[in-house]
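Notes follow the structure.
Residues: numbered from 1 along the sequence shown. Note that the structure is a prediction, hence the values are computed from the model and not measured. Below, each value reflects all heavy atoms present in this structure, side chains not excepted, and no hydrogens, waters or symmetry copies.
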Amino acid sequence: MKNIAVYPGTFDPITYGHLDIIKRAINLFDKVIIAVAKNPAKETLFTWQERVNLVKKAVEDIERVEVEPFSGLVVDYLKKKKAKIIIRGLRMISDFEYEFQMALTNRKISSSVETIFMMPNEAYSYLSSKLIKEAGALGADLSSFVPSFVEQALRKKTLGKCNG
Ligand code: ADP
C-alpha cells in the first residue's frame with residue numbers, strides 16, 4: 001500500500017518555505033499531494049487557478065508530487081485520496097496555537113488522520129506568503145523568497161492593481 005501524504009494550504013503564492021517542506025516530505029512518503037484550497041477562509045490575491053498553476057510550475061521537477069484543488073473538509077479529501085497523513089509546516093511559535101487546534105479538530109472528526117509537522121530550513125522560518133505580498137507591493141527584491149516566475153506574477157498583480 002502506498003504511503004500518501006496530503007499537504008493542504010492556500011499557497012497565495014507558493015514560497016521557498018512551502019517548497020522546503022514539500023522536498024522534506026517527499027523523502028518520507030511515496031507520494032505527496034499538494035492540495036490547494038479552492039475557497040480558503042482568507043481572501044486571496046491570486047485566483048485559485050493561478051495559485052494551482054504557480055504550485056504546479058514550482059514542483060514540476062520534483063517526482064512523486066501531485067497538485068490538486070480541494071474544497072470542503074481536509075479529512076474528507078484525505079478519505080477520497082486514501083491518505084492518512086496531513087503535512088503542515090511549523091515556522092515560529094506563533095503558528096503553533098492555530099495548527100495545534102486544527103490538528104486536534106481534524107483528529108476528532110476523523111480518528112484515522114494524523115497531522116505531521118515539519119520545520120523548514122531556518123532561512124525560511126520567518127517567511128510567509130503574506131509578507132511576500134506586502135514586500136512585493138513595496139518593490140522589494142523577492143529573489144531569495146520565491147521562484148522568479150512567482151515574483152513576476154506578483155509584479156503583474158501589483159501593477160494591475162496600481163492601474164486600477
Ligand atoms: P494556510 O492558509 O492553510 O495556512 P498557507 O499556504 O499559508 O496555507 O500555508 C500552508 C502550510 O504551509 C501551513 O502549514 C503553513 O504553516 C506552512 N508554511 C507556510 N509558509 C511556510 C514556511 N516559510 N516554512 C514552513 N512552512 C510554511
Student check: side-chain heavy atoms of P8 and Y77 closer than 4.5 Å: no
Supply the atom-to-atom distance E50 CD to L45 CG, rounded to the nearest 0.5 angstrom. 8.0 Å
Flag yes if V74 and V32 sit in one hydrophobic cluster, no otherwise; membership is Ile, Leu, Val, Met, Phe, Trp, Tyr, and two members link when side-chain heavy atoms are under 4.5 Å apart. no
Linking I/L/V/M/F/W/Y whenever their side-chain heavy atoms sit closer than 4.5 Å, directly or via other members, would I116 and I34 fall into one cluster? yes
Gap between atom CD1 of I85 and atom OH of Y7 - 0.5 Å precision: 15.5 Å
Check E114 with K84, please: is the shortest side-chain N to carboxylate O separation under 4.0 Å? no
Given 3.5 Å as the limit, does a donor-acceptor pair link the side chain of R51 with the main chain of A37, or not? yes
Are the side chains of T15 and Y124 in touch, meaning some heavy atoms are under 4.5 Å apart? no
Kindly check if the number of other-residue, nucleotide or ligand heavy atoms within 6.0 Å of CD (E63) is above 12? no
Would you give the length of the straight line joining atom NZ of K38 to atom OG1 of T44, rounded to the nearest 0.5 angstrom? 12.5 Å
Hydrophobic cluster membership, I33 vs I86, 4.5 Å side-chain cutoff: yes
List the atom of R91, the atom of S125, and the distance in Å for their closest heavy-atom pair. CB-O, 3.1 Å
Can any side-chain N or O of R88 pair as donor or acceptor with the backbone N or O of F117 at less than 3.5 Å? no
For the pair S129 (side chain) and P13 (backbone), establish whether a donor and an acceptor sit closer than 3.5 Å, ignoring hydrogens and angles. yes
Check the pair K56, E60 against side chain to side chain contact (heavy atoms under 4.5 Å, CB included), reporting the backbone distance first and the verdict last. CA-CA 6 Å; K56 277 193 173 160; E60 66 188 4; over 6 Å; no
Taking a hydrophobic cluster as the set of Ile, Leu, Val, Met, Phe, Trp and Tyr residues connected by side-chain heavy atoms closer than 4.5 Å, whether directly or through intermediates, do L90 and I22 fall within one such cluster? no
Within the distance-only criterion (no hydrogens, no angle test), does the side chain of S128 pair as donor or acceptor with the backbone N or O of L131 below 3.5 angstrom? yes
Presence of salt bridge, K133 and D12, under 4.0 angstrom: yes
Within the structure provided, determine whether K42 and T10 are in side-chain contact (heavy-atom separation under 4.5 Å). yes
From H18 NE2 over to I87 CD1, what is the distance, rounded to the nearest 0.5 angstrom? 13.5 Å
Identify whether the distance between the nearest side-chain nitrogen and carboxylate oxygen of E151 and R155 falls below 4.0 Å. yes
Less than 4.5 Å apart, side chain to side chain, heavy atoms only: is that true for F70 and V36? no
Minimum-distance pair of heavy atoms, taken over all atoms of A35 and F11: O-CE1, 3.8 Å
Spatial distance of atom CD1 (I93) from atom CD (E97) [nearest 0.5 Å]: 10.0 Å
I'd like to know whether I62 forms a side chain to side chain contact (heavy atoms under 4.5 Å, CB included) with K23, so could you lay out the CA-CA distance, the side-chain angles of the two residues, the decisive distance to 0.1 Å, and finally the verdict. CA-CA 8 Å; I62 311 176; K23 286 175 189 163; 4.0 Å; yes
Does the pair N3 and K31 meet the rule for a side chain to side chain contact (heavy atoms under 4.5 Å, CB included), with working shown? CA-CA 7 Å; N3 213 354; K31 182 158 100 177; over 6 Å; no
For a quick test of your reading: what N or O donor-acceptor pairs under 3.5 Å do the side chains of residues 138-149 make, sequence neighbours left out?
residue: D141; atom: OD1; partner: S143; partner atom: N; Å: 2.9
residue: D141; atom: OD1; partner: S143; partner atom: OG; Å: 2.8
residue: D141; atom: OD2; partner: S143; partner atom: OG; Å: 3.3

Hey, is D20 close enough to R24 for a salt bridge, meaning N to O under 4.0 Å? yes
What do the steps show when you test D30 against I4 for side chain to side chain contact (heavy atoms under 4.5 Å, CB included), and what is the final call? CA-CA 6 Å; D30 298 318; I4 303 171; 5.8 Å; no
Under 4.5 Å between side-chain heavy atoms, counting indirect links through other Ile/Leu/Val/Met/Phe/Trp/Tyr residues: same cluster for Y126 and V150 or not? yes
Looking at every non-hydrogen atom in both residues, tell me the closest pair between L28 and M118 and how far apart they are. CD1-CE, 3.7 Å
